Structures are given as C-alpha cells and as structure tokens.
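Hydrogens, waters and symmetry mates are skipped; everything else that's a heavy atom, side chains included, is used. These numbers come from a predicted model, not from an experiment.
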Amino acid sequence: MSTNDTLPPAGLFRRLGALLYDALIVIAIEMMAAGIVVAILHALMAMGLFSLNGFEDVSDFLSSHPVWSPIYTAYLASVWIYFFVFFWTRAGQTLGMRAWKLHMISTDGSPVTVTQALIRIGTSGFGLANLTVPLDPKKRGFHDIWAKTQVVVLPKAN
C-alpha cells in the first residue's frame with residue numbers, strides 16, 4: 001500500500017492556507033531578488049558604468065525598457081518558479097505546506113520530479129486550480145490531475 005493510499009487527501013481550505021503562507025514567503029523572496037538587481041544597477045551608476053538614458057529612475061528603466069523589462073520579468077518569474085520546484089522536488093512540501101501538514105507525492109507514491117513540478121506550476125493558474133478540489137472524488141486540483149500528483153495530510157506528531 002503506497003503513502004497516498006494511507007494518508008487522507010488535502011481539502012480546499014488547508015491547501016488555500018498553505019498557499020497564502022507560501023505567497024507571503026515568495027513575496028519576501030521576490031523583494032530581495034528585485035532589491036539585488038536595483039542595488040547592482042545603482043552601484044553601476046555610481047561607478048559611471050551605467051546610465052539611465054532618458055528613464056526617470058532604475059524602477060522606470062526596469063519596467064519600461066523594451067529589452068531589459070522582459071528580462072527582468074523573466075528573472076523574477078524564474079525566482080518564483082524555482083522556489084516551488086526546489087521545495088516540491090527536495091522535500092515534497094513548501095514551507096507553507098509544512099506549516100499546514102501537507103505533503104505532495106506522485107500518484108504512484110514516488111517523489112515529485114522536476115517535470116511534474118513544472119507541469120503543476122504551469123497548470124495551477126496561480127492557485128485557482130485548487131478550486132476543483134471539492135469537485136474531484138479524490139480531492140485533486142486541476143494541476144494535480146495534469147501533473148499526476150497528490151497532496152495528502154500528514155498525521156500529527158506524537
């Protein structure tokens with residue numbers, strides 16, 4: 001009998017609680033990642049190696065430049081994606097999932113692969129896929145079905 005047969009599937013509210021917790025963590029990490037880029041650009045400006053060339057400030061440059069704006073956005077998106085892929089593939093749970101005693105595994109009971117994690121992120125709709133949990137008999141979100149994963153509730157520690 002595999003782990004996903006012995007542990008109960010996670011419900012909607014527990015998943016949303018973990019999602020909110022993780023969102024706060026990801027926002028903090030994104031702020032640090034953005035701050036690093038802004039600090040580097042300010043340092044380059046102070047050394048005379050970088051000029052804004054008509055942009056009001058570094059923020060305007062990063063959000064309006066035709067080349068660097070998409071690169072900056074891709075950088076921030078990759079930080080966000082890496083957070084989830086790292087935790088799901090290494091431990092089967094993010095920090096929010098750990099706080100809510102959730103664990104994610106493949107439907108066959110094996111650890112989640114990078115491909116499964118990327119499919120899950122790509123089909124999650126920023127968490128909206130969890131709204132299908134009450135409709136599925138196995139309590140799976142749309143992204144769980146596509147990625148062949150299952151989120152279960154861990155037992156309380158004694």
Side-chain angles (χ1 to χ4, degrees), residues 3 10-108 110-133 140-154 157:
T3 306
L12 176 64
F13 293 114
R14 192 175 283 255
R15 287 171 179 250
L16 293 178
L19 180 66
L20 177 63
Y21 195 100
D22 285 332
L24 295 173
I25 295 168
V26 169
I27 288 169
I29 292 171
E30 290 285 345
M31 289 170 61
M32 290 189 308
I36 290 169
V37 171
V38 170
I40 289 170
L41 290 178
H42 276 287
L44 291 173
M45 282 174 40
M47 292 187 290
L49 301 173
F50 173 73
S51 173
L52 291 175
N53 291 334
F55 291 98
E56 189 175 325
D57 56 13
V58 171
S59 176
D60 184 38
F61 173 79
L62 290 172
S63 62
S64 302
H65 193 276
V67 174
W68 290 107
S69 178
I71 292 171
Y72 180 64
T73 302
Y75 161 70
L76 293 178
S78 67
V79 168
W80 172 70
I81 291 167
Y82 182 76
F83 171 84
F84 286 102
V85 170
F86 177 82
F87 281 103
W88 286 341
T89 58
R90 297 285 190 270
Q93 57 188 173
T94 60
L95 298 172
M97 291 172 75
R98 182 174 289 224
W100 285 85
K101 301 205 181 320
L102 299 178
H103 186 73
M104 186 173 56
I105 52 177
S106 296
T107 52
D108 64 2
S110 63
V112 176
T113 65
V114 172
T115 303
Q116 286 177 301
L118 291 173
I119 290 170
R120 198 166 192 273
I121 289 171
T123 58
S124 70
F126 299 101
L128 291 176
N130 283 311
L131 296 178
T132 61
V133 169
R140 296 173 300 173
F142 179 76
H143 51 320
D144 290 319
I145 295 167
W146 276 86
K148 295 180 177 42
T149 58
Q150 177 72 34
V151 179
V152 296
V153 179
L154 295 173

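Atom CH2 of Trp146 sits in a sparse spot, with 12 or fewer heavy atoms from other residues, nucleotides or ligands closer than 6.0 Å.
When all heavy atoms of Ala18 and Gly96 are compared, the pair lying nearest together is CB-O, 3.6 Å. Residues Leu76 and Ala33 approach most closely at CD2-CB, 4.2 Å, considering heavy atoms.
In this structure, Thr123 OG1 and Leu128 CG are separated by 12.0 Å, a value rounded to the nearest 0.5 Å. To the nearest 0.5 Å, atoms CD (Gln150) and CG (Asp108) are separated by 12.0 Å. Of the inter-residue distances, the one linking Asp57 atom CG with Leu62 atom CG reads 9.0 Å to the nearest 0.5 angstrom. Of the inter-residue distances, the one linking Phe126 atom CZ with Ile121 atom CD1 reads 10.5 Å to the nearest 0.5 angstrom. With rounding to the nearest 0.5 angstrom, the CE atom of Met97 is 10.5 Å from the CG atom of Leu19.
For Phe83, the ring pair (Phe, Tyr, Trp, His ring centres under 6.0 Å) partners at least two apart in sequence or on another chain are Phe87. By the ring pair (Phe, Tyr, Trp, His ring centres under 6.0 Å) test, Trp88 is found to be paired with Phe84, residues two or more places apart in sequence or in another chain being considered. Remark: Phe13 pairs with no residue by the ring pair (Phe, Tyr, Trp, His ring centres under 6.0 Å) rule, at least two apart or across chains. Taking the side chain to side chain contact (heavy atoms under 4.5 Å, CB included) definition, one finds that Thr115 meets it with Thr113, Ile119, sequence neighbours left out. Listed by chain and residue number, nothing satisfies the ring pair (Phe, Tyr, Trp, His ring centres under 6.0 Å) test with Tyr21 (two or more places apart in sequence, or in another chain).
Residue pairs that meet the salt bridge (Lys or Arg N to Asp or Glu O under 4.0 Å) test with at least one member in residues 13-27, sequence neighbours left out, are Arg15-Asp144. Each side chain to side chain donor-acceptor pair (under 3.5 Å) pair with one or both residues in residues 63-78, not counting sequence neighbours, appears once here: Asp60-Ser64. The list of salt bridge (Lys or Arg N to Asp or Glu O under 4.0 Å) pairs with a residue in residues 73-86, not counting sequence neighbours, is empty.
Two residues are said to be in side-chain contact when any heavy atoms from C-beta on lie closer than 4.5 Å; Arg140 and Thr132 fail this criterion. Contact annotation: the side chain of Gln93 approaches that of Leu154 to within less than 4.5 Å [non-hydrogen atoms, C-beta and beyond]. Residues Glu30 and Val79 form a side-chain contact, since some pair of their non-hydrogen atoms from C-beta on lies under 4.5 Å apart. The closest side-chain heavy-atom distance from Val153 to Leu102 is below 4.5 Å.
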N/O donor to acceptor pairs below 3.5 angstrom from side-chain atoms of residues 34-52, sequence neighbours left out:
unit_1, atom_1, unit_2, atom_2, d
Ser51, OG, Asn53, N, 3.4
Ser51, OG, Asn53, OD1, 3.1

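Formation of a donor-acceptor pair under 3.5 Å by the Gln116 side chain with backbone atoms of Lys148 is found in this model.
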